[in-house]
> 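Please see the structure below; I have some questions.
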Amino acid sequence: FQAEDGIRDVERSRGLGDVYKRQAFLKVPRGKYNLSVVYKGFLLLNEEIKVGLFGVKREIEEEVYDLKLRVVDKLGLPPGVKVKPVLSSDEMEEKVTIGAERLGRGNFIFRGIPSARYDIIMRYGSFEDRKSVDVSKDMEVEMVFSPLFKLKLNVLNDRGLKLDRCIISLSREGIKIEKQIENGNAELQLPPGKYMAEVYFDNKPIGKKGFDITRDEDDYILTIASAGFPIIVQSASMMALILLLTLFLLGKLKRTLFLRFSLLILILISVTLPWWSLHAYNGSTERFAESYLLPQTIVTITYFPEGIFG
């Protein structure tokens, strides 16, 4: 029988736990029987009885307790994914697992369990957490949900090239984790859950992206940081054009050479410019999409009221 479905007998409780009563009627022919009562895997009664004309009555009284469980991950937060803790005990006659009732995020209760030594078990993917606890009264325990997953991020500028000398900040439910970007890469170990990543350069936000971590991830964040080489190439090309024009006007450069060099410089400049560009705006959100030849990539950056997403 299940004690949760029984009737609490307050008068017979001794304050150490709750005494539950439940009646079960079995209709059997007269004769000798072996009567066994198992409750949540525990053997409460095992005896030989003789059923006669007037039947047989047995009363069993067992004190049971409530075990409250609080689960936190490595950040001290309620798990960002669903967990289903269960109880098991080597003292059980029949090996079963006892499920928990969810009270709220990260809070559970095992109701009406007998006094024994239990293992609290939580599984997620290939991870398994265990905690042993001796239950002899109503009690509350805390358990750490241990899974950590690797998040590898490439932080990119507005051309899709790796960005250095900036800081990435990941936040979840008020907890922030900051890391310096090295060679355009960042690697973090995180409990499963939903995170918001922001990239800062000189304390100014330049990119933002959300992540739902449930396994090892390899991803990127596109920022609005400008690539250096297009500016250098375009500036040097314009200076070269001015020099060529000056030499041509002074008669120091032939017309054919001036045209050839100018054409080469214009081609070089065109390689650093977008081949096509799209712009959209709906009053609150603005989006830019551009295609580049060097490097070969299509970049889309969206400006939301809450931040910049690429």
Side-chain angles (χ1 to χ4, degrees), residues 69-86 99-108 120-130 142-158 160-163 166-201 204-225 280 282 284-289 297-310:
L69 174 65
R70 180 172 180 263
V71 181
V72 295
D73 61 20
K74 291 286 189 176
L75 295 178
L77 298 172
V81 292
K82 288 185 179 181
V83 294
K84 294 181 179 180
V86 297
E101 176 187 337
R102 187 174 183 270
L103 299 178
R105 292 187 62 232
N107 291 288
F108 304 87
I120 307 173
I121 306 167
M122 287 189 300
R123 295 186 178 93
Y124 183 78
S126 61
F127 293 89
E128 180 178 284
D129 295 308
R130 284 178 176 262
E142 184 175 292
M143 188 172 178
V144 176
F145 181 59
S146 69
L148 291 174
F149 294 106
K150 187 180 295 182
L151 176 62
K152 291 183 179 180
L153 290 176
N154 291 323
V155 182
L156 311 175
N157 59 27
D158 62 355
L161 300 174
K162 289 187 176 181
L163 181 64
C166 55
I167 293 175
I168 185 169
S169 173
L170 280 93
S171 60
R172 175 174 151 235
E173 298 182 40
I175 301 294
K176 286 192 175 184
I177 304 169
E178 291 190 351
K179 190 173 181 65
Q180 183 75 34
I181 303 300
E182 298 178 1
N183 301 319
N185 298 311
E187 186 173 309
L188 304 100
Q189 295 276 351
L190 300 168
K194 293 183 178 180
Y195 296 83
M196 182 58 69
E198 292 186 85
V199 181
Y200 294 88
F201 185 79
K204 296 179 180 179
I206 58 174
K208 193 173 185 179
K209 190 172 184 179
F211 297 94
D212 190 359
I213 305 298
T214 57
R215 61 180 186 273
D216 291 339
E217 297 280 357
D218 195 344
D219 213 322
Y220 69 91
I221 298 180
L222 186 67
T223 70
I224 59 172
N282 69 355
S284 61
T285 303
E286 191 172 15
R287 175 169 293 176
F288 294 89
T297 184
I298 298 176
V299 174
T300 301
I301 295 178
T302 305
Y303 293 80
F304 292 99
E306 62 270 21
I308 305 163
F309 293 80

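Remember, it's a predicted structure, so these values are computed and weren't measured experimentally.
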> State which residues pass ring-ring contact (aromatic ring centres under 6.0 Å, His included) with Y200; sequence neighbours excluded, sorted by chain then number.
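For Y200, no residue satisfies ring-ring contact (aromatic ring centres under 6.0 Å, His included) once neighbours in sequence are set aside.
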> What distance do Y124 atom OH and T214 atom OG1 have between them, rounded to the nearest 0.5 Å?
5.0 Å
> Please list, chain by chain and in numerical order, all residues satisfying side-chain contact (heavy atoms from CB on, under 4.5 Å) with D158, sequence neighbours excluded.
S226, A227, I301
> Which residues pass the salt bridge (Lys or Arg N to Asp or Glu O under 4.0 Å) test with E187, sequence neighbours left out?
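Expected list: K150.
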> Which residues pass the salt bridge (Lys or Arg N to Asp or Glu O under 4.0 Å) test with D216, sequence neighbours left out?
none
> The criterion is side-chain contact (heavy atoms from CB on, under 4.5 Å); which residues satisfy it with I121, sequence neighbours excluded?
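Residues passing side-chain contact (heavy atoms from CB on, under 4.5 Å) with I121: V86, S88, D119, R123, E128, R130.
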> Going by the salt bridge (charged side-chain N to carboxylate O under 4.0 Å, His left out) test, which pairs reach into residues 74-83, not counting sequence neighbours?
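Listed once each, the pairs would be none.
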> Is there a side-chain contact between V72 and P78 (heavy atoms, below 4.5 Å)?
no
> Could you tell me the separation between the CG atom of L161 and the CG atom of N154, rounded to the nearest 0.5 Å?
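Result: 11.5 Å between the selected atoms.
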> Evaluate the side-chain proximity of I181 to L163: yes if any heavy-atom separation is below 4.5 Å, no if none is.
no
> Is there side-chain contact between D129 and P147, with at least one heavy-atom pair below 4.5 Å?
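Touching, per the 4.5 Å side-chain cut-off.
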> Atom CG in N107, atom CZ in R102: separation rounded to 0.5 Å?
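Between atom CG of N107 and atom CZ of R102 there are 9.0 Å.
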> Can you name the side-chain hydrogen bond (donor to acceptor under 3.5 Å, both in side chains) partners of Q189, sequence neighbours left out?
none
> If you take all heavy atoms of I221 and A197, which pair is closest and at what distance?
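Here I221 and A197 meet closest at CD1-CB, 3.7 Å.
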> Under the side-chain hydrogen bond (donor to acceptor under 3.5 Å, both in side chains) definition, can you give me all pairs with a residue in residues 168-177, not counting sequence neighbours?
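Residue pairs passing side-chain hydrogen bond (donor to acceptor under 3.5 Å, both in side chains), neighbours aside: D73-R172, R105-E173, R172-Y195.
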> Closer than 3.5 angstrom, by distance alone: can the side chain of E198 be matched with the main-chain N or O of I168 as a donor-acceptor pair?
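Looks like no, no N/O pair under 3.5 Å.
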> Among residues at least two apart in sequence or on other chains, which ones pass side-chain contact (heavy atoms from CB on, under 4.5 Å) with E182?
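Applying side-chain contact (heavy atoms from CB on, under 4.5 Å) to E182 gives none.
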> Can you name the residues that form a salt bridge (Lys or Arg N to Asp or Glu O under 4.0 Å) with E217, not counting sequence neighbours?
none
> How would you list, by chain and number, every residue that makes a side-chain contact (heavy atoms from CB on, under 4.5 Å) with I177, sequence neighbours excluded?
L75, L188, L190
> Which atoms form the tightest heavy-atom contact between A225 and N157, and what is the distance?
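Taking A225 first and N157 second, the nearest heavy atoms are O-CB, 3.1 Å.
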> Where do M143 and L69 come nearest, in terms of heavy atoms and distance?
CB-CD1, 3.8 Å
> Considering only heavy atoms from C-beta outward, does the side chain of T223 approach that of F201 to under 4.5 Å?
no
> If I take atom CZ from residue F149 and atom CZ from residue F127, how far apart are they, to the nearest 0.5 angstrom?
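Answer for the CZ-CZ pair, F149 versus F127, is 4.5 Å.
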> Using ring-ring contact (aromatic ring centres under 6.0 Å, His included) as the criterion, list what pairs up with F108, not counting sequence neighbours.
none
> Can you measure from CG (N185) to CG (D218) and round to the nearest 0.5 angstrom?
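The distance works out to 9.0 Å.
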> Side chain to side chain contact (heavy atoms under 4.5 Å, CB included) between V199 and K208: does it pass, once the steps are laid out?
CA-CA 6 Å; V199 181; K208 193 173 185 179; over 6 Å; no
> Do the side chain of K209 and the main chain of Y220 share a donor and acceptor less than 3.5 angstrom apart?
yes
